[in-house]
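Note sheet for the following structure.
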Number of protein chains: 2
Amino acid sequence: MPKMIEVRSDDQCCASILRAPMDGVDAEKLALGFSALADPVRLRILSILADSPAGEVCVCDFVLPLEKSQPTISHHLKILSDSGLVHGERRSKWVWYSLDRTRLAQLRGALDA
Amino acid sequence: MPKMIEVRSDDQCCASILRAPMDGVDAEKLALGFSALADPVRLRILSILADSPAGEVCVCDFVLPLEKSQPTISHHLKILSDSGLVHGERRSKWVWYSLDRTRLAQLRGALDA
DNA sequence: TTTCTGTATTGACAAACGTCAATACATCGA
DNA sequence: TCGATGTATTGACGTTTGTCAATACAGAAA
């Protein structure tokens, strides 16, 4: 069976909140983006990724510094991945995650003056 | 009994996620900030405030456009107010809310490249 | 004072969330 | 093949969240 790949048809990008009133649909989308940032564990994951010289971090290397169980880390990585903030790539037994700075800039742009 | 005013001793400001690994305390604080943005009703409140020529909007003027009950609007305004994103000022029977663009810029700054 | 209007709070409820133990899945080495 | 290791998923649990009806509070007008 062919692997399914989710394709996002709209850009989910964001004109700044501050420039025009948003309708409910845009607000829902943007709220999903900020929801991904609304958890301390996820923020630290992003921070660790940003600070990584290699630009990618193995799942196993999140567990100890974040003091959470492996399923919990995996859960948060999925949320970040679904929101487009990180991408995971399997290499042999390990999965390496990297930060999507473009997506992060989109969310920052939603707060632009 | 004198009215209690909560004073925030730290600045709750935010070095960018992207520049140094965050400890758990900083991550908690920042996550609270983004939690305030993680709801479509609250994003629309901010958007309406930003778009208001007078720079302030009466509570009563949120109810119709957002299609939520008055207690729900009040609830969201409290969350935004607690997180420092808006400020309310009572003038006779009405309470006028305004956007704190400095606080919004702090959160934007946490996502700076 | 009483009454009316605008706002905040309370209480209840369902839904969503964060967490972990147990388990399933994927990959490699023996 | 089998066993070991890294990751994802499932299921369960308590907590938090968003919502509204009812109510309380604040201010103005009669």
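All chains are named by letter (A, B, ...) in the order of the sequence lines, taking the proteins before the strands, and each is independently numbered beginning at 1.
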Gap between atoms NE2 and C1', on H75(A) and dC20(C) respectively (whole Å):
11 Å

State which of dA28(D), dT19(C), dT7(C) makes the closest approach to the side chain of C58(B).
dT7(C)

Distance, nearest 0.5 Å, that separates CD of Q106(A) from CG of D100(A)
8.0 Å

Interatomic distance, R44(A) CZ vs dT19(C) P [rounded to whole Å]:
11 Å

To the nearest angstrom, the CG-P distance between D39(B) and dT16(D) comes to 18 Å

Atom CZ of R90(A) to atom C1' of dA26(C): distance rounded to whole Å?
5 Å

Using a strict heavy-atom distance below 4.0 Å, which residues from residues 59-74 of chain A are in contact with DNA chain D?
V59(A), C60(A), Q70(A), P71(A), S74(A)

Got a second to check how far Y97(A)'s OH is from I48(A)'s CD1, nearest 0.5 Å?
14.5 Å

Would you mind reading off the distance between L77(B) atom CG and dG6(C) atom C1', rounded to a whole angstrom?
13 Å

Hey, does R91(B) reach any base, or is it just sugar-phosphate, or nothing, if we go heavy atoms under 4.0 Å?
nothing

To the nearest angstrom, the NZ-P distance between K93(B) and dG6(C) comes to 5 Å

Under 4.0 Å, heavy atoms only, any strand: does H76(B) hit a base, just the sugar-phosphate, or nothing?
sugar-phosphate

Give the rounded distance in Å between these two atoms: CD1 of I45(A) and P of dG18(C).
11 Å

Upstream residue (5' side of DNA chain C) when W94(A) and I79(A) are each assigned their closest nucleotide:
I79(A)

Is there a side-chain contact between L107(A) and F34(B) in this structure, where contact means two heavy atoms from C-beta onward sitting under 4.5 Å apart?
no

Would you mind checking if E56(B) and R91(B) are paired as a salt bridge, meaning a charged N to carboxylate O distance below 4.0 Å?
yes

From the set dG18(D), dG6(C), dA28(D), return the single nucleotide nearest to any side-chain atom of R42(B).
dG18(D)

In terms of side-chain geometry, is the basic nitrogen of D112(B) or R108(B) positioned less than 4.0 Å from the acidic oxygen of its partner?
no

Between Y97(B) and dA8(C), is there a side-chain N or O to OP1/OP2 distance below 4.0 Å?
yes

Atom-to-atom span, CD of E89(B) to C1' of dG6(C) - whole angstrom:
16 Å

What's the spacing between D39(A) CG and L46(A) CG if we round to 0.5 Å?
10.0 Å

Can you figure out which of dT7(D), dA8(C), dG18(C) approaches the side chain of V95(B) most closely?
dA8(C)

In this structure, which one of L66(A), V86(A), V41(A), L43(A) forms a side chain to side chain contact (heavy atoms under 4.5 Å, CB included) with H76(A)?
V41(A)

